[in-house]
Amino acid sequence: MVEVLWEDNHLLVVSKPAGLAVQGDLTGDTHLLEWAERYIAEKYNKPGKAFIGLVHRLDRPVSGVVVLAKTSKALTRMNEIFREKKNTKMYHAITLKALPGESGTLTHHLLKNSETKKAHAYNSPKPGSKPGVLHYELLKNFAGRYLYEITLETGRFHQIRAQLSKMGSPILGDLKYGAPQVLKNKSICLHAYGISFVHPIKNEPIEISCPQSF
């Protein structure tokens with residue numbers, strides 16, 4: 001179930017459950033934008049189709065915070081905030097193998113394969129690749145599993161999944177990137193638990209978090 005975390009006249013911030021796509025795809029399944037349009041129309045009794053702009057994306061098997069824009073002005077300004085990296089996104093991930101040390105930075109060159117819909121991480125640049133940087137910190141080690149807090153410095157396609165897989169530490173349940181088995185609900189243990197940015201209209205600091213128990 002989608003949970004509304006924060007809302008004003010310009011933005012709608014929700015917690016997306018794992019398994020829900022953020023926008024329409026070939027499956028034809030209900031998606032987050034569709035849900036948000038219905039939510040706005042019903043809550044404010046708006047006739048016709050409500051405006052909802054997608055500021056950023058989360059992969060279908062990933063849960064957590066998603067920011068949506070309720071006006072075109074807010075969408076344009078939020079796109080600029082994300083493009084200029086004036087926001088911070090934090091994640092929690094569980095792996096079966098440890099990353100080097102209790103904290104560190106991963107820097108790779110990421111290349112998206114549009115046919116397989118998969119990202120590949122390389123140690124050196126490749127034609128068409130883009131740099132990917134993330135920071136990690138070990139929060140807990142339990143029963144041979146490792147819970148990390150991850151902060152993105154760049155926002156590339158499947159970045160966290162690809163970089164952790166490159167390090168030999170795929171995310172629990174992420175078969176696509178080397179995990180040994182799928183989870184029962186077909187989700188992966190990656191959760192976008194927090195985001196911070198300056199409000200695009202009010203110019204006020206916004207910090208929103210949504211803890212998750214895997």
Side-chain angles (χ1 to χ4, degrees), residues 1-25 27-93 132-135 137 139 148-161 187-214:
M1 178 180 291
V2 179
E3 178 187 357
V4 176
L5 301 174
W6 186 90
E7 180 182 2
D8 69 0
N9 291 333
H10 311 280
L11 300 174
L12 174 64
V13 184
V14 302
S15 175
K16 181 189 85 70
L20 178 67
V22 294
Q23 58 190 133
D25 57 21
T27 66
D29 294 343
T30 297
H31 51 87
L32 182 62
L33 290 181
E34 204 171 56
W35 174 90
E37 288 169 359
R38 288 201 308 270
Y39 167 81
I40 296 296
E42 292 173 6
K43 181 175 181 178
Y44 299 100
N45 196 26
K46 287 192 173 184
K49 191 174 182 180
F51 178 89
I52 287 290
L54 185 62
V55 176
H56 64 113
R57 294 168 175 78
L58 282 185
D59 299 338
R60 189 167 186 152
V62 178
S63 61
V65 179
V66 178
V67 181
L68 303 170
K70 295 167 68 174
T71 66
S72 58
K73 182 178 181 180
L75 178 61
T76 299
R77 292 190 180 182
M78 285 301 295
N79 285 339
E80 184 178 348
I81 287 170
F82 273 66
R83 185 169 56 250
E84 295 180 355
K85 301 183 179 68
K86 293 181 178 179
N87 66 290
T88 301
K89 291 187 286 184
M90 295 79 71
Y91 293 78
H92 284 165
V133 181
L134 63 77
H135 310 284
E137 180 180 353
L139 298 180
Y148 289 97
E149 177 177 285
I150 295 173
T151 304
L152 285 179
E153 193 169 307
T154 56
R156 308 301 184 195
F157 175 79
H158 288 187
Q159 179 178 336
I160 298 174
R161 300 168 68 182
S187 68
I188 64 176
C189 286
L190 179 62
H191 176 73
Y193 85 87
I195 192 165
S196 62
F197 54 90
V198 174
H199 195 284
I201 310 299
K202 301 176 182 178
N203 203 34
E204 300 170 348
I206 302 293
E207 293 185 14
I208 299 169
S209 62
C210 177
Q212 165 79 355
S213 297
F214 288 111

Measure the shortest side-chain to side-chain distance between [X] and [Y] over non-hydrogen atoms and say whether it is less than 4.5 angstrom.
| X | Y | value |
| --- | --- | --- |
| Glu204 | Val198 | no |
| Tyr148 | Leu139 | no |
| Val22 | Trp35 | no |
| Ile150 | Glu137 | no |
| Thr151 | Thr88 | yes |
| Tyr193 | Glu149 | yes |
| Gln212 | Ser63 | yes |

Rounded to the nearest 0.5 Å, what separation is found between the [atom1] atom of [X] and the [atom2] atom of [Y]?
| X | Y | atom1 | atom2 | value |
| --- | --- | --- | --- | --- |
| Lys43 | Leu12 | NZ | CG | 8.5 Å |
| His158 | Arg57 | NE2 | CZ | 11.5 Å |
| Asn45 | Ile40 | CG | CD1 | 12.5 Å |
| Asn9 | Thr71 | CG | OG1 | 9.0 Å |
| Arg38 | Ile52 | CZ | CD1 | 12.0 Å |
| Phe197 | Met78 | CZ | CE | 4.0 Å |

Decide yes or no on side chain to side chain contact (heavy atoms under 4.5 Å, CB included) for Gln23 and Leu32, but give the supporting numbers first. CA-CA 6 Å; Gln23 58 190 133; Leu32 182 62; over 6 Å; no
For [X] and [Y], indicate whether the former's side chain and the latter's backbone hold a donor-acceptor pair under 3.5 Å.
| X | Y | value |
| --- | --- | --- |
| His10 | Ile201 | no |
| His31 | Glu34 | yes |
| Glu80 | Arg77 | no |

Would you name the heavy atoms of [X] and [Y] that are closest together and state the gap between them?
| X | Y | result |
| --- | --- | --- |
| Ala50 | Ala41 | CB-N, 4.5 Å |
| Ala69 | Leu11 | CA-CD2, 4.1 Å |
| Thr30 | Leu20 | O-CD1, 3.3 Å |
| Cys210 | Val65 | CB-CG2, 3.8 Å |
| Glu207 | Ser196 | CG-CB, 3.7 Å |
| Phe51 | Ser72 | CE2-N, 3.5 Å |

Kindly write out the residues that satisfy salt bridge (Lys or Arg N to Asp or Glu O under 4.0 Å) with Glu84, not counting sequence neighbours, or none if the list is empty. Lys86
With Lys202, which residues qualify under salt bridge (Lys or Arg N to Asp or Glu O under 4.0 Å), at least two apart? Asp8
Side chain to side chain contact (heavy atoms under 4.5 Å, CB included) evaluation trace for Trp6 with Val14: CA-CA 7 Å; Trp6 186 90; Val14 302; over 6 Å; no
Quick one: do Lys16 and Asp59 make a salt bridge, cutoff under 4.0 Å? no
Given side chain to side chain contact (heavy atoms under 4.5 Å, CB included), test Leu152 with Ile160 step by step and report yes or no. CA-CA 8 Å; Leu152 285 179; Ile160 298 174; 3.6 Å; yes
Please test Val13 against Glu7 for side chain to side chain contact (heavy atoms under 4.5 Å, CB included), starting from the C-alpha separation and ending with a verdict. CA-CA 6 Å; Val13 184; Glu7 180 182 2; over 6 Å; no
Answer yes if the side chains of His135 and Glu153 hold a donor-acceptor pair under 3.5 Å, and no otherwise. yes
